[in-house]
Amino acid sequence: MPQIIFLPHNELCPEGKVIEAEPGVTVCDAALANGIDIEHACEKSCACTTCHVIVREGFDSMEESDELEDDMLDKAWGLEPESRLSCQAVVADEDLVVEIPRYTLNQVSERH
(Lines give C-alpha, C1' and ligand atoms only; values in the text may rest on other atoms or scores of the structure.)
Protein backbone atom coordinates (compact mmCIF):
# COMPACT_ATOMS: atom_id res chain seq x y z
CA MET A 1 0.00 0.00 0.00
CA PRO A 2 1.45 3.40 -0.93
CA GLN A 3 2.44 5.88 1.74
CA ILE A 4 1.80 9.60 1.78
CA ILE A 5 4.47 11.50 3.65
CA PHE A 6 3.14 14.87 4.75
CA LEU A 7 5.90 17.38 5.41
CA PRO A 8 5.61 19.38 8.65
CA HIS A 9 2.98 22.13 8.64
CA ASN A 10 2.83 24.48 11.65
CA GLU A 11 -0.90 24.07 12.26
CA LEU A 12 -2.08 20.84 10.62
CA CYS A 13 0.77 18.42 11.38
CA PRO A 14 3.71 20.14 13.12
CA GLU A 15 5.81 16.98 13.18
CA GLY A 16 4.81 15.84 9.70
CA LYS A 17 3.04 12.54 9.28
CA VAL A 18 3.36 9.30 7.33
CA ILE A 19 0.13 7.53 6.44
CA GLU A 20 -0.86 4.59 4.27
CA ALA A 21 -3.43 5.17 1.56
CA GLU A 22 -5.31 2.81 -0.71
CA PRO A 23 -4.74 3.44 -4.41
CA GLY A 24 -7.76 5.28 -5.79
CA VAL A 25 -8.38 7.47 -2.74
CA THR A 26 -7.73 11.20 -2.98
CA VAL A 27 -4.93 12.84 -1.04
CA CYS A 28 -7.55 14.97 0.74
CA ASP A 29 -9.63 12.00 1.86
CA ALA A 30 -6.51 10.14 3.04
CA ALA A 31 -5.39 13.20 5.03
CA LEU A 32 -8.79 13.73 6.63
CA ALA A 33 -9.09 10.03 7.54
CA ASN A 34 -5.76 10.25 9.34
CA GLY A 35 -6.30 13.36 11.43
CA ILE A 36 -4.83 15.98 9.09
CA ASP A 37 -7.60 18.55 8.94
CA ILE A 38 -6.83 19.99 5.52
CA GLU A 39 -9.26 22.71 4.47
CA HIS A 40 -11.83 21.79 1.83
CA ALA A 41 -14.27 24.69 1.75
CA CYS A 42 -16.12 23.48 -1.37
CA GLU A 43 -16.63 20.02 0.13
CA LYS A 44 -14.16 18.48 -2.35
CA SER A 45 -16.06 19.53 -5.49
CA CYS A 46 -13.12 21.23 -7.26
CA ALA A 47 -14.67 24.67 -6.78
CA CYS A 48 -12.01 26.36 -4.62
CA THR A 49 -8.31 26.11 -3.81
CA THR A 50 -8.34 25.58 -0.05
CA CYS A 51 -7.04 22.00 -0.34
CA HIS A 52 -4.07 23.00 -2.55
CA VAL A 53 -0.97 20.87 -1.96
CA ILE A 54 2.43 20.53 -3.59
CA VAL A 55 3.47 16.98 -4.45
CA ARG A 56 7.24 17.01 -3.86
CA GLU A 57 7.76 13.36 -4.80
CA GLY A 58 5.58 10.95 -6.76
CA PHE A 59 3.86 13.64 -8.82
CA ASP A 60 4.25 11.73 -12.09
CA SER A 61 2.59 8.61 -10.66
CA MET A 62 -0.78 10.34 -10.47
CA GLU A 63 -3.18 10.95 -13.33
CA GLU A 64 -2.83 14.38 -14.88
CA SER A 65 -5.06 17.16 -13.67
CA ASP A 66 -8.03 18.04 -15.85
CA GLU A 67 -8.94 21.45 -17.24
CA LEU A 68 -11.26 22.34 -14.34
CA GLU A 69 -8.58 21.59 -11.75
CA ASP A 70 -5.99 23.54 -13.76
CA ASP A 71 -8.32 26.54 -13.92
CA MET A 72 -8.82 26.44 -10.15
CA LEU A 73 -5.11 25.98 -9.48
CA ASP A 74 -4.39 29.20 -11.34
CA LYS A 75 -6.06 30.94 -8.37
CA ALA A 76 -4.09 29.13 -5.64
CA TRP A 77 -1.62 30.90 -3.37
CA GLY A 78 1.96 29.71 -3.92
CA LEU A 79 1.27 27.78 -7.12
CA GLU A 80 4.15 25.54 -8.25
CA PRO A 81 4.52 23.14 -11.21
CA GLU A 82 3.78 20.18 -8.89
CA SER A 83 0.69 21.78 -7.35
CA ARG A 84 -2.55 19.82 -7.16
CA LEU A 85 -5.89 20.17 -5.47
CA SER A 86 -5.79 17.37 -2.93
CA CYS A 87 -9.50 16.66 -3.49
CA GLN A 88 -8.69 15.77 -7.11
CA ALA A 89 -5.24 14.17 -6.72
CA VAL A 90 -5.78 10.41 -6.65
CA VAL A 91 -3.18 8.16 -5.05
CA ALA A 92 -1.71 5.62 -7.49
CA ASP A 93 0.81 2.86 -6.70
CA GLU A 94 3.78 5.02 -5.67
CA ASP A 95 4.58 6.78 -2.42
CA LEU A 96 3.99 10.53 -2.33
CA VAL A 97 5.69 13.34 -0.45
CA VAL A 98 3.22 16.17 0.04
CA GLU A 99 3.63 19.71 1.30
CA ILE A 100 0.62 21.67 2.51
CA PRO A 101 1.28 25.34 1.77
CA ARG A 102 1.46 27.74 4.68
CA TYR A 103 -1.43 29.85 3.38
CA THR A 104 -4.68 29.22 1.61
CA LEU A 105 -7.14 31.55 -0.05
CA ASN A 106 -10.40 31.09 1.81
CA GLN A 107 -12.57 34.16 1.96
CA VAL A 108 -15.15 32.51 4.21
CA SER A 109 -13.00 30.55 6.65
CA GLU A 110 -14.50 30.32 10.12
CA ARG A 111 -11.12 29.54 11.68
CA HIS A 112 -9.84 33.14 11.57
Side-chain angles (χ1 to χ4, degrees):
M1 187 175 320
Q3 291 184 329
I4 304 175
I5 301 154
F6 286 92
L7 298 177
H9 181 278
N10 287 344
E11 295 175 17
L12 302 179
C13 53
E15 305 296 318
K17 194 165 191 174
V18 178
I19 64 173
E20 290 190 351
E22 291 281 341
V25 70
T26 65
V27 172
C28 186
D29 285 338
L32 293 169
N34 285 276
I36 301 173
D37 192 22
I38 192 166
E39 283 195 66
H40 53 286
C42 71
E43 296 299 321
K44 303 180 275 187
S45 65
C46 196
C48 73
T49 62
T50 59
C51 72
H52 168 230
V53 296
I54 303 162
V55 182
R56 297 292 182 199
E57 293 179 26
F59 181 83
D60 292 334
S61 70
M62 297 183 296
E63 289 186 20
E64 289 187 26
S65 56
D66 63 18
E67 188 175 341
L68 177 59
E69 181 181 356
D70 290 341
D71 288 345
M72 291 309 305
L73 280 168
D74 285 341
K75 302 170 186 170
W77 180 89
L79 183 66
E80 295 192 18
E82 293 82 24
S83 288
R84 292 294 305 265
L85 296 180
S86 66
C87 70
Q88 302 300 304
V90 176
V91 176
D93 295 326
E94 290 184 27
D95 293 347
L96 302 174
V97 176
V98 173
E99 178 180 351
I100 302 169
R102 177 179 296 199
Y103 301 107
T104 185
L105 299 177
N106 186 352
Q107 303 299 324
V108 295
S109 178
E110 296 177 5
R111 293 190 211 175
H112 301 288

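No hydrogens, no waters, no symmetry mates; every other heavy atom, side chains included, goes into these values.
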Open item on the list: For Val27, is there any backbone N or O sitting under 3.5 Å from a side-chain donor or acceptor partner on Ser86?
Closed with: no
TODO: Might you point out which heavy atoms bring Cys51 and Cys87 nearest each other, and give the distance in Å?
DONE: SG-N, 3.4 Å
- [ ] Look up atom NE2 in His52 and atom SG in Cys28, then write down how far apart they are to the nearest 0.5 Å.
- [x] 13.0 Å
Task: Heavy-atom pair with the smallest gap, counting every atom of Ser83 and Gly78 - done: OG-O, 4.3 Å
Open item on the list: Walk me through whether Asp37 and Leu32 qualify under side-chain contact (heavy atoms from CB on, under 4.5 Å).
Closed with: CA-CA 5 Å; Asp37 192 22; Leu32 293 169; 3.9 Å; yes
Open item on the list: Does atom CG (Asp74) have a neighbourhood of more than 12 heavy atoms from anything else shown, all under 6.0 Å?
Closed with: yes
TODO: Please check if Val55 and Ile36 belong to a single hydrophobic cluster, counting links between Ile, Leu, Val, Met, Phe, Trp and Tyr side chain heavy atoms closer than 4.5 Å.
DONE: yes
Task: Minimum-distance pair of heavy atoms, taken over all atoms of Ser61 and Gly58 - done: OG-O, 2.6 Å
Open item on the list: Rounded at 0.5 Å granularity, tell me how far OG1 in Thr49 sits from CG in Leu73.
Closed with: 8.0 Å
Show me, pair by pair, the donor-acceptor contacts under 3.5 angstrom made by side chains of residues 91-102, not counting sequence neighbours?
from, atom 1, to, atom 2, distance (Å)
Asp95, OD1, Gln3, N, 2.8
Glu99, OE1, Arg56, NE, 2.8
Glu99, OE1, Arg56, NH2, 2.7

Task: Shared hydrophobic cluster for Ile19 and Met62 (ILVMFWY, side-chain gaps under 4.5 Å) - done: yes
Task: hydrophobic_cluster_shared for Ile38 and Ile5, side chain cutoff 4.5 Å - done: no
Open item on the list: With rounding to the nearest 0.5 angstrom, report the SG to CG distance, Cys48 to Leu85.
Closed with: 7.5 Å
Task: ILVMFWY network linking Val90 to Ile54, side-chain heavy atoms under 4.5 angstrom - done: no
Open item on the list: Testing Arg84, Lys75, Lys44 one by one against Glu69 for a salt bridge (Lys or Arg N to Asp or Glu O under 4.0 Å), which residue passes?
Closed with: Arg84
- [ ] Give, for atom CE of Met72 and atom OG of Ser65, the distance between the pair rounded to the nearest 0.5 Å.
- [x] 13.0 Å
- [ ] Report whether Leu12 and Phe6 are members of the same hydrophobic cluster (ILVMFWY, side-chain heavy atoms less than 4.5 Å apart, transitive linking).
- [x] yes
TODO: Search all heavy atoms of Cys42 against all heavy atoms of Cys46 and return the closest pair with its distance.
DONE: SG-N, 3.6 Å
